[in-house]
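The block underneath contains the structure these notes are about, expressed in structure tokens.
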Amino acid sequence: MSGRTRSFVVLAAAIVVVALAALIASGGSSGDQTLDERVHEIGAGLRCPVCLNLSVADSPSTLAGEMRTEIETQLRAGRSPEQIRAFFIDRYGEWILLSPPRHGWNLLPWAVPIAGVAVWVAFVRRRAPRTAGEVTETEHRRIEHELADLEEPG
């Protein structure tokens, strides 16, 4: 096996290990969570309509408290977190989500940084690299002028 192939296999194995660890960590904790933890987790993804900059889980407002109670009621009724989020989206619209879904116009905030990096990489690659010792004609004239100013009259 060549060095390049071996590196690829090691990288692929590392990615699989990390993905499995993340899957186990996320999957195993949901069964062990208490009702309060599940309410907090769902509320943490919802924006408080009163505070706007706080999640339902963190907001001290009366409305956020009512929303937490509604989340708990729906969890006790056997509804899934996705169904509960859909309930609040139907009531308030998608802005209620602290992290917007990645579709339609909501892709714009996710795509702009990626497009910016792509433009920057293209710009950097286009620039002609200069070596450390290379001096442009303008710099050469400026250096000669400054040296002439430094010479003592003689």
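Keep in mind that this is a model prediction, so the values were computed, not measured.
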Could you walk me through whether L75 and V39 satisfy the side chain to side chain contact (heavy atoms under 4.5 Å, CB included) test, starting with their C-alpha distance in whole Å, then the side-chain angles of each, then the deciding distance to 0.1 Å, before giving a yes or no? CA-CA 8 Å; L75 283 171; V39 168; 3.8 Å; yes

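Rounded to the nearest 0.5 angstrom, E70 CD and L63 CG are separated by 11.0 Å. Here the CG atom belonging to D90 is positioned 11.5 Å from the CD atom belonging to Q83, to the nearest 0.5 angstrom. For the atom pair CD1 of I42 and CD1 of I84, the computed distance is 4.0 Å after rounding to the nearest 0.5 Å. We find the CG-CG distance between L54 and L46 to be 13.0 Å, quoted to the nearest 0.5 Å. To the nearest 0.5 angstrom, R38 atom CZ is 11.0 Å from D36 atom CG. To the nearest 0.5 angstrom, I71 atom CD1 is 9.0 Å from R85 atom CZ.
Judged by distance alone, the side chain of E144 and the main-chain N or O of R141 form no donor-acceptor pair under 3.5 Å. Looking only at distances, a side-chain donor or acceptor of E37 sits under 3.5 Å from a matching main-chain atom of T34.
Between F88 and Y92, the two ring planes are parallel [angle under 30°; tilted spans 30° to 60°].
Between R76 and E72, the closest side-chain pair of non-hydrogen atoms falls below 4.5 Å. Side chains of L150 and E146 form no contact here, defined as non-hydrogen atoms less than 4.5 Å apart. By the 4.5 Å heavy-atom criterion applied to side chains, E41 and Q33 are counted as neighbours.
The minimum heavy-atom distance linking R47 with M67 is given by the pair O-CE, 4.4 Å. Shown here for S55 and L98, the closest heavy-atom pair between the two residues is CB-CD1, 3.4 Å. Nearest heavy atoms, I96 versus P49: CD1-CG, 3.9 Å.
Between the side chains of S61 and S59, at least one donor N or O sits under 3.5 Å from an acceptor N or O.
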